[in-house]
Structures are given as structure tokens and as C-alpha cells.
Student: 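First the structure, which I've put down as C-alpha cells, then a few questions once you've had a look.
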Amino acid sequence: MNFPTHLLFLDPVMLVVIQVTAMTGLAILIGSALPMSAANRNCVLFSAFICSFVGPVVLLGSYFTGCAIEFPVFIAESPKRIETLRDEEIERFPQLAQADEAFIEYDRDAVEPSPTTELLPVELEPALIPPPPPEPMSKTPLSLKTVGLIAWIVGASFYLIGIAISMIRLRRLLASVKSIDREKYSLSLARAASNIGLKDYPPIGITEWIEVPAAVGLSRHARVLIPKNYLESMSQTQLVHVLTHEGAHVVRRDPLLKLVQRINLALWWWHPLAYLLNRQLGRAREEICDNFVLRGTNPEEYGETLLQLGKLVSSRNRLVSAVNLFGSRWKLEHRIKGLLNPRRKKMIQVNKSVFTLVLATFVGLTFLVSATRIEAQESREQLERERVQQERREWEFERERFARAEGVKAERADQHQRLEHMMVALDHLRFAGMDELANAVEQRMDKLQAEIRSHDRSARREGEQVEHQRRREEELRAVRDEIEQREQDLQREIQQRERAVRDEIQQRKHEMQREIEQRERALQARENENQEFQQEVMGAIRELNVVVRQLREEVNELKEGDRKEN
């Protein structure tokens, strides 16, 4: 099966770009299908994020070290290139075509010479031996590629410089942080530590240099920073919400992940999908930390906390390793709407086996892309060597045929000269009356003409064999082309059927999902009716309790009146 070589035989830089684009785009599409499950979406996006580092390293290392990853895909060059080698050689060396014609058409329609036929001397053309084939020229890199690589490196350098500046700012900020009075806020710290699954809450600092709460630090002993004005304006419940959210960032080591994301953006600063992947990953991270909060409170209270704190935000922190409460780039009303959505899944992490399976799938796809591209690159080099060898063999064959044609041509010219000399000698002998010698010369001339006719027949048979071989090769090429065309048609038919099956499965999946949603809505409506009925029943019970209480009071009053009368 033949593949378009201009699409597969690319340099390693383009292969890395295609690989990262494919993995990132696939993860974003899968993540968009999981809007209500932040943990599952984070699992898929994080797997693709890891592959954006691992894949290029594997591909480039295998490409430059020569350690190819074998994959059962054969990528062959189109046979049209081999079929046109002879035509290209004839275009480069026209004398080969002349030699070919001379080899099979010597005296095809010539009349046998008679003793009285006047033979003119044959003028021989000098042997035109074609020069040796040129060596394959080494491909020099295009200037546009060089400029692109330089721009890539310069942009990445600027991003890395920005990261270094942010690290310096973070270090200066941490030096000016003051510790919080943990005894004063011991109850809030204990509740927040319980929500994030820790015995003791991480270190907390107070500073005036940030506008929103943030989790900072690259080690396991990271700390939470709280603006001073937040402590003065927040209630105890709101403080627990903020501490739980930022403590979840510390437990998940999100500050370190954010630094790695910035490094990834420094590497792919020009790629739009890299920005989209990091943005989606940051949003999933914030939703998971919100789920930590929702495990200990209801969505309405946490939504009120976000609204209250949103009024205090006038700017956003740009520290490289700080993860703050409003760090994700989506509107606050959409975030609160997601909190209040009853279909929201409040998972904080996926099962380890599921994460391992998803990561293995993405890494396997990455290795699959690397193997296919590396195999294609190596096949290109192998086919290039085979093409050069085939050209040399074709050239040697044509050269040998040309030399044989020139030898036949020289031999025929020599025979014609000998016949001419014999005819002159025969005329002289007959004129002198030497009949016996003339008869001997005539017999020798007959033998020479028989040899010439025999050589002509041999040349004619050889030419017919060459023509038959050519026709046979053309038939074989036609059969091979037909087989390849059938393979391509079969492959296209298989792909069409696979697409049809996938579409049908997807359609059935959507129908089942719509049916499930309808049933869920019906169940929800029934639950609402049941709740309303329960509320009505409870109201009636409360009214009955009031009536009963009133009756009891009247009965007691009557009894007391009877006692007084008695």
C-alpha cells in the first residue's frame, strides 16, 4: 500500500509539531465531552500534557540516535519513479535512444549486395559514451526553516526569562510574609484541614502584596498566602471555604504543576492548542479544588463566598508558581452556575487504575505516532539508496547496450569494406583472365555475405527479445498498478465502513444518553412532586399538632374549671 511521501517524509521538527498537535487536540476533544466531571477531564488533559513532553523527546532521540522503533507499517515509494528512470536517462543522454534503434534496425530492409552492386564506404560515428551518473546531491536546509527555528528559540528564551523573573519576585514576596496567629483561627484551620484530609493545616502567611488568596511553593511544604484585608472582611465560614480551596492546591501540588505548565508554554509559545490545553487544565484544577469545598458545605454558601470575594479582587496575581482562588480564566457567573448544577460530579480524583489506563493509552498513541513517523523516515532513506542503485544499474545496462550497438556497427562497416575490396579484386581477376582465383574470391564473398545475413538475423532476434521483454515488463507494471489500485480502493472502503460503524455507534450512544437524560428528568420531576407532597403532609401534620395542642389546652381548662367548681 502506497502513502503520499510528501506528507510522511518530513523532518523531525515537523513530526514533533504534528505529534503534539494530534495528542493535544484529541485530549481537548475528549475533555469537552466531560463538562460535569472535572476529575475525569483533568485525568485526560494531564495525560496529554505529559505526552507533550515525553513524545518529542522520544521522537527526536530515536531520530538522531538512529534507534528506530519498529512498527509494522510499510511505506513504499511510488513505482512510477522507477518506471520513468529509463525515460529520464534517455532525456539526459539522447545517444542511448540512437544506439537502441541502431541495435535492432541494422539493414532490416536492406537488399543483399550482388557482385555488381556498388558499395559506398560507411562513415562511422564516434562512440558516444554517456558520462557517469551524477551523485545524489545532499539536501541543504531551507532558509525559512532556519529562520523559524531561530524564532522558536528566541521566543522560548523570552518566556524562560519571564519565568526566572517571576521566581525572583516570588522569593522576595515570601521573605516579606508574616505568619498568622494560628490560635486565633484554630477552629477554621481545623475544619479546613479536615476537609482536605490532613491532620494539620499547611503553613499560612499574611501579606499585602497580593490581591487574592494563593498557594505558593514548589516543595511539599508549600504555604498558603492570605491578603490582610481578606481576614478583616471574611466571616468564619468564608475563611474555611478559602482555606479549604487553597489547601487543596497544596495537597495536589498544583504550584509545581503550574510552573511545569509555564515551562511547557515556553516550549510551545507559538502553538494555540498549547494555550488551550493549559487553560482547560487550569480550569479543571480549580473545579477539583472547589469540589474539596463542596464536600463540607452546600453550593449556595460557597457561591456566596465567591461573590463576596470577587468584589475584593482588583487585579490578578501573575506569580509563576502561585495558584490563587481566581486563577482560572472563566467568568465567575459560569463558575457559580457550575457549582449549582445538580449534575455536577464532586469527585476529587479518579481511580489509580483508570488514570494508569488513560495515561498508558496516550503514551501508547504517542509511541505509535513516533514509530510510524520514524519508520517512514527510515523507509525514505532506504528507498533513496535503492533508487540510486536502480539508476546506476539502468545506466550500466544502457551503456552496455550502447557499446554493443557501436561494436555491431563497426563490424558491419568492416565487412562492407572487405566486400568492396573483394569486388574490386574480382573485377581485376576477371579482366586478367584468372577465372580460378576469381571463383575463389567469389566463394569467399558469398561466405562473407552469409555471415552478414546471419549477423543481421541474430541482431533482429535479439531486438525482438528486447521488445518482448519490454512488453512483458509493461504488462507486469500494469498488473502491479491494478493490484495497488484495488488495495487502495479496498482500504478506502474499509475506512468508509469503519466511519459508518463509528457514526452508528455514536448515534446510538447519543440516543441512549438522551433517553437517560429524559428518564433522569422524569425521576427528578417525581422527586420534586414527592418533596412537595411531603411538605404538604408535614404542613398538615403541623396544623393537626396545633389543633391537638389547642384541644388539649381547652380540655385542661375545662378540667381545672370543674375542680374549682367542686
Side-chain angles (χ1 to χ4, degrees), residues 20-55 195-197 244-245 247-258 260-261 264 273-296 299 302 323 327-331 334-366 368 502 505-517 519-521 524:
V20 172
T21 303
M23 293 297 103
T24 305
L26 178 62
I28 292 174
L29 289 177
I30 296 176
S32 62
L34 303 170
M36 293 292 103
S37 179
N40 293 331
R41 190 166 69 252
N42 181 77
C43 175
V44 174
L45 296 173
F46 186 70
S47 300
F49 179 75
I50 293 176
C51 291
S52 66
F53 282 105
V54 175
N195 291 336
I196 62 178
T244 302
H245 184 95
H249 282 304
V250 174
V251 171
R252 288 170 39 85
R253 300 184 186 180
D254 287 336
L256 178 60
L257 178 59
K258 185 176 180 182
V260 178
Q261 285 183 248
N264 181 267
L273 288 183
Y275 288 91
L276 184 57
L277 175 65
N278 282 273
R279 186 178 302 174
Q280 295 294 330
L281 193 59
R283 178 171 178 174
R285 176 174 62 232
E286 294 297 329
E287 291 183 8
I288 292 174
C289 292
D290 288 341
N291 290 339
F292 275 90
V293 182
L294 294 178
R295 293 196 306 174
Y302 186 49
V323 185
S328 184
R329 295 184 178 180
W330 82 95
K331 293 182 179 181
H334 295 166
R335 184 174 181 180
I336 296 176
K337 184 178 179 181
L339 294 175
L340 301 177
N341 194 331
R343 297 174 55 192
R344 179 189 181 103
K345 297 182 180 180
K346 300 178 182 180
M347 297 170 52
I348 59 175
Q349 63 180 1
V350 298
N351 193 355
K352 292 184 179 180
S353 59
V354 174
F355 175 73
T356 303
L357 178 61
V358 173
L359 182 60
T361 302
F362 272 88
V363 173
L365 290 175
T366 302
L368 183 67
R502 284 198 299 267
I505 293 173
Q506 193 70 17
Q507 183 67 24
R508 292 182 180 178
K509 182 178 178 181
H510 290 329
E511 292 177 357
M512 293 178 63
Q513 188 173 2
R514 286 195 295 269
E515 184 179 357
I516 292 172
E517 291 177 355
R519 293 183 179 180
E520 288 179 352
R521 285 195 294 270
Q524 186 67 27

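A quick note: this is a predicted structure, and the numbers were derived from the prediction, not measured. Numbers here simply count residues along the sequence, with the first being 1.
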Student: Could you point out which residue of H245, R344, E286, Q349 forms a side chain to side chain donor-acceptor pair (under 3.5 Å) with N291?
Tutor: R344
Student: Roughly how far apart are H334 NE2 and I336 CD1, rounded to 0.5 Å?
Tutor: 11.0 Å
Student: Side-chain contact, heavy-atom cut-off 4.5 Å: H249 with K258?
Tutor: no
Student: Is it true that atom CZ of R343 has more than 12 heavy atoms of other residues, nucleotides or ligands lying nearer than 6.0 Å?
Tutor: no
Student: Identify the two heavy atoms, one from P299 and one from L340, that lie closest to each other, and give their separation to 0.1 Å.
Tutor: CB-CD2, 3.7 Å
Student: Nearest 0.5 Å please: distance from the CE atom of M512 over to the CZ atom of R508.
Tutor: 10.0 Å
Student: Does any non-hydrogen side-chain atom of D254 lie less than 4.5 Å from one of C289?
Tutor: yes
Student: Are side-chain heavy atoms of V54 and T366 found at a separation under 4.5 Å?
Tutor: no
Student: If you round to the nearest 0.5 Å, how far is CG of L273 from OG1 of T24?
Tutor: 6.0 Å
Student: For the residue pair L277 and L45, establish whether any side-chain heavy-atom pair is separated by less than 4.5 Å.
Tutor: yes
Student: State the CZ-CD1 distance between R502 and I505, to the nearest 0.5 angstrom.
Tutor: 9.0 Å
Student: Kindly give the heavy-atom pair with the smallest separation between E287 and A38, and that separation in Å.
Tutor: OE1-CB, 3.3 Å
Student: CG of N264 to CZ of F53: how many Å apart, nearest 0.5 Å?
Tutor: 4.0 Å
Student: Check the pair R283 / R335 against side chain to side chain contact (heavy atoms under 4.5 Å, CB included), numbers first and verdict last.
Tutor: CA-CA 10 Å; R283 178 171 178 174; R335 184 174 181 180; over 6 Å; no
Student: Show your working on side chain to side chain contact (heavy atoms under 4.5 Å, CB included) between I348 and F292 and close with a plain yes or no.
Tutor: CA-CA 7 Å; I348 59 175; F292 275 90; 3.8 Å; yes
Student: Does CZ in R519 sit with more than 12 non-hydrogen atoms of other residues, nucleotides or ligands closer than 6.0 Å?
Tutor: no
Student: Taking the side chain as every heavy atom from C-beta outward, state whether F49 and N278 have any atom pair closer than 4.5 Å.
Tutor: yes
Student: Work out which heavy atom in S47 is nearest to a heavy atom in V358; give both atom names and the distance.
Tutor: OG-CG1, 3.5 Å
Student: Just so I know, are the side chains of F362 and I50 near enough to count as touching, which here means a heavy-atom distance under 4.5 Å?
Tutor: no
Student: Measure the spacing between CD1 of I288 and CE of M347 and express it to the nearest 0.5 Å.
Tutor: 9.0 Å
Student: Show your working on side chain to side chain contact (heavy atoms under 4.5 Å, CB included) between L365 and L26 and close with a plain yes or no.
Tutor: CA-CA 11 Å; L365 290 175; L26 178 62; 3.8 Å; yes
Student: Indicate yes or no for a side-chain donor-acceptor contact from R41 to the backbone of P35 under 3.5 Å, with no hydrogens or angles considered.
Tutor: yes
